[in-house]
Amino acid sequence: MIPASGDGFMRRAVAYALIAWLPLVIAAWLAGTAIEPLGNNEPLLGHIGIHVRCLVAIPLLVLSEGIAQKLIPVGLREFKQSGLVDGELAARFDRVLLSVLNLRNRISPWIVIAVFVATWVAVLFVAPNGDEIRWADSGSPSLNFGVWWLLLVTRPIFSILLLAWVWRLMLLGLLLYRIAALPLKLVPSHPDRLGGLGFLTRLPVVYGPFLLSVSAVVGGVWAHEVLYHGVTVPSLYGQIAALLVVLTLIGLAPLLVFTPLLLRVKRQALLDYGAFVTQHGRAVHEKWIEKKDVPDYPMLNAPELGPVADVQAIYQAVAAMRGAIVNKSVLIKILAPAALPMLLLISMQWPLKSTLSKLLFTLL
């Protein structure tokens, strides 16, 4: 979903981060509010959400483009290489890819993003979040510049990158939805228990950085509330749980489009393989238990079937087929980036020094 000509992700990540963050630090440093508060305001250092947005989220959103550019084409090629898309289906598959590619290349979504960000910046410029700019309350000219930079440069950079990834996720979901609507040649007895779609379990790696970015920015804002405004961490548990549920659903959504196909294939396969196992078992029973003279029955002589145990194993593999591309690996790839900032936030309620001393006392 990323143009193949894109490159220099590390350089872009560093450049965007420095452009968004460094002028703020210089402005606060010149006014003396970078580390220590001045009067009733707060130091820039304490606004964790700003630093996380600039130094963590922005670089991650840029670097994740490179990850997507490498992994998504590999996954798409696997549909053909694995036989899920055979020769007869290849033309339709290619048309699906081309339709989404044309949609990606349209300029209208980027115009919508630009208009939305410009409108949001204008609203914040007229009525900014007072807490977010409290570090600039001293009236210093350099701090006024810092506020302008925050509202007119830092926030737009982050917002554009964030909304660009929202658009990419929508495109990815649409692409997978259209692929799932094709008559893919799934193998119900495939050992990945997903009919051969197991390679898609690597997909959350593509948008894991996006989930981490959102969680980190929100966690940074909440951390500031805890440190400077008397908010207790337990009072945030409900919001933390809600955020994790939303991010998990976002992470699972592109994969869940295959659920109707998987359930339909499994339902039919249980009938087909059930009848197959019944026929095979009846033939074995008639030949070896009832001692009947069973006519030439190809099923009993098929080398790929082997003994009765092998036939039963095939049916058990079909019965174990999953109805959704969700397993422990997928959940870890989604929950780990989403939960990490929240775990750091929760750990703030335990003083580090006393916690380490208690741990050492317990161990020693």
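- One distance of note links CZ of Arg264 with CG of Leu186; it measures 9.0 Å at 0.5 Å rounding.
- Nearest heavy atom pair, residue Gly323 against residue Thr259, reads O-CG2, 3.1 Å.
- Leu44 places a side-chain heavy atom less than 4.5 Å from the side chain of His51.
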**OP:** Evaluate the side-chain contact (heavy atoms from CB on, under 4.5 Å) criterion for residues Met170 and Leu174: first the C-alpha distance (whole Å), next the side-chain angles of each, then the deciding distance (0.1 Å), finally the verdict.
**Re:** CA-CA 6 Å; Met170 293 173 62; Leu174 177 63; over 6 Å; no
**OP:** Given side-chain contact (heavy atoms from CB on, under 4.5 Å), test Leu261 with Leu182 step by step and report yes or no.
**Re:** CA-CA 9 Å; Leu261 173 63; Leu182 299 175; over 6 Å; no
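- Val153 meets the side chain to side chain contact (heavy atoms under 4.5 Å, CB included) test with Ile19, Trp149, Ile157; sequence neighbours excluded.
- The shortest side-chain heavy-atom distance between Ile48 and Val221 does not fall under the 4.5 Å cut-off.
- Here the closest non-hydrogen pair linking Gly66 and Phe9 is CA-CE1, 3.4 Å.
- By the salt bridge (charged side-chain N to carboxylate O under 4.0 Å, His left out) test, Arg155 is found to be paired with Glu132, residues two or more places apart in sequence or in another chain being considered.
- Taking the side chain as every heavy atom from C-beta outward, Pro156 and Val117 approach each other to under 4.5 Å.
- A distance-only check finds no donor-acceptor pair linking the side chain of His229 to the backbone of His224 [under 3.5 Å].
- Between Ile67 and Pro209, the shortest heavy-atom distance links the atoms CD1-CG, 4.0 Å.
- With hydrophobic clusters built from ILVMFWY side chains whose heavy atoms lie under 4.5 angstrom apart, Leu255 does not share a cluster with Val74.
- In this structure, Ala122 has no side chain to side chain contact (heavy atoms under 4.5 Å, CB included) partners at least two apart in sequence or on a different chain.
- Hydrophobic cluster membership differs between Leu343 and Trp222, with clusters built from Ile, Leu, Val, Met, Phe, Trp and Tyr side chains linked at under 4.5 angstrom.
- Trp120 CH2: 12 or fewer foreign heavy atoms inside a 6.0 Å radius.
- Leu252 has its side chain within reach of Val326: a pair of non-hydrogen atoms, C-beta onward, lies under 4.5 Å apart.
- Residues Leu172 and Val166 are members of one and the same hydrophobic cluster, defined by side-chain heavy-atom contacts under 4.5 angstrom among Ile, Leu, Val, Met, Phe, Trp and Tyr.
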Only pairs under 3.5 Å count here: list side-chain donor-acceptor contacts from residues 231-246, not counting sequence neighbours, and write none if there are none.
unit_1: Thr232; atom_1: OG1; unit_2: Ser235; atom_2: OG; d: 3.3
unit_1: Ser235; atom_1: OG; unit_2: Thr232; atom_2: O; d: 2.5
unit_1: Tyr237; atom_1: OH; unit_2: Gln349; atom_2: NE2; d: 2.7

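- Cluster annotation: Leu340 is not connected to Val206 through the hydrophobic network of ILVMFWY side chains, with a link wherever side-chain heavy atoms come within less than 4.5 Å.
- A 6.0 Å sphere centred on CG of Leu271 holds more than 12 heavy atoms belonging to other residues, nucleotides or ligands.
- In this structure Asp94 satisfies the side chain to side chain donor-acceptor pair (under 3.5 Å) test together with Lys80, sequence neighbours excluded.
- Residues satisfying the side chain to side chain contact (heavy atoms under 4.5 Å, CB included) criterion with Val115, sequence neighbours excluded, are Ile111, Thr119.
- Evaluation of the ring pair (Phe, Tyr, Trp, His ring centres under 6.0 Å) rule for Phe79 yields Phe93, Phe199 as partners, not counting sequence neighbours.
- When all heavy atoms of Gly208 and Pro337 are compared, the closest pair comes out as O-CB, 3.5 Å.
- The shortest side-chain heavy-atom distance between Arg104 and Pro109 does not fall under the 4.5 Å cut-off.
- Atom CG of Leu247 is separated from atom CD1 of Ile334 by 10.0 Å, given to the nearest 0.5 angstrom.
- Residues Leu151 and Val121 come closest through the heavy atom pair O-CG1, 3.4 Å.
- Note on residues 322-341: no pairs pass ring pair (Phe, Tyr, Trp, His ring centres under 6.0 Å), not counting sequence neighbours.
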Subject >> Intermediate values then yes/no, side-chain contact (heavy atoms from CB on, under 4.5 Å), Asp272 and Phe276 >> reply: CA-CA 6 Å; Asp272 295 339; Phe276 166 73; over 6 Å; no
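- Put simply, CG on Leu197 and CD on Glu78 are 10.0 Å apart, with the number rounded to the nearest 0.5 Å.
- Residue pairs satisfying the side-chain hydrogen bond (donor to acceptor under 3.5 Å, both in side chains) criterion with at least one member in residues 182-195, sequence neighbours excluded, are listed as follows: His190-Asp192.
- Leu270 pairs by the side chain to side chain contact (heavy atoms under 4.5 Å, CB included) definition with Lys266, Tyr315, Val318, Ala319, not counting sequence neighbours.
- Under the ring pair (Phe, Tyr, Trp, His ring centres under 6.0 Å) criterion, Phe158 pairs with no residue, sequence neighbours left out.
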Subject >> Steps toward side-chain contact (heavy atoms from CB on, under 4.5 Å) verdict (Leu18, Val14) >> reply: CA-CA 6 Å; Leu18 292 180; Val14 174; 3.9 Å; yes
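- A donor and an acceptor atom, one from each side chain of Ser99 and Arg178, are located under 3.5 Å apart.
- Across Leu24 and Gly146, no two heavy atoms sit closer than the pair CD2-O, 3.2 Å.
- Separation of atoms CG (Leu150) and CD1 (Ile50) is listed at 5.0 Å; rounding is to 0.5 Å.
- Grouping the Ile, Leu, Val, Met, Phe, Trp and Tyr side chains by contacts below 4.5 angstrom, directly or via other members, places Leu212 with Val52.
- Rounding to the nearest 0.5 angstrom, the gap separating the CG atom in Leu45 from the CG atom in Leu227 is 10.0 Å.
- Ring geometry for Tyr228 against His47 counts as parallel: the plane angle stays under 30°, on a 0 to 90° scale with 60° as the upper cut.
- Considering CG of Leu63 and CE of Met10, their distance stands at 5.0 Å, rounded to 0.5 Å.
- Side chain to side chain, Trp165 and Ser64 meet the donor-acceptor criterion of an N or O pair below 3.5 Å.
- The closest side-chain heavy-atom distance from Leu256 to Leu249 is not below 4.5 Å.
- Using a 4.5 Å cut-off on side-chain heavy atoms (C-beta onward), Leu200 and Phe258 make contact.
- More than 12 heavy atoms of other residues, nucleotides or ligands shown are found within 6.0 angstrom of CD on Gln81.
- Applying the side-chain hydrogen bond (donor to acceptor under 3.5 Å, both in side chains) test to residues at least two apart or on different chains, none of the pairs has a partner in residues 194-220.
- Two residues are said to be in side-chain contact when any heavy atoms from C-beta on lie closer than 4.5 Å; Pro188 and Tyr273 meet this criterion.
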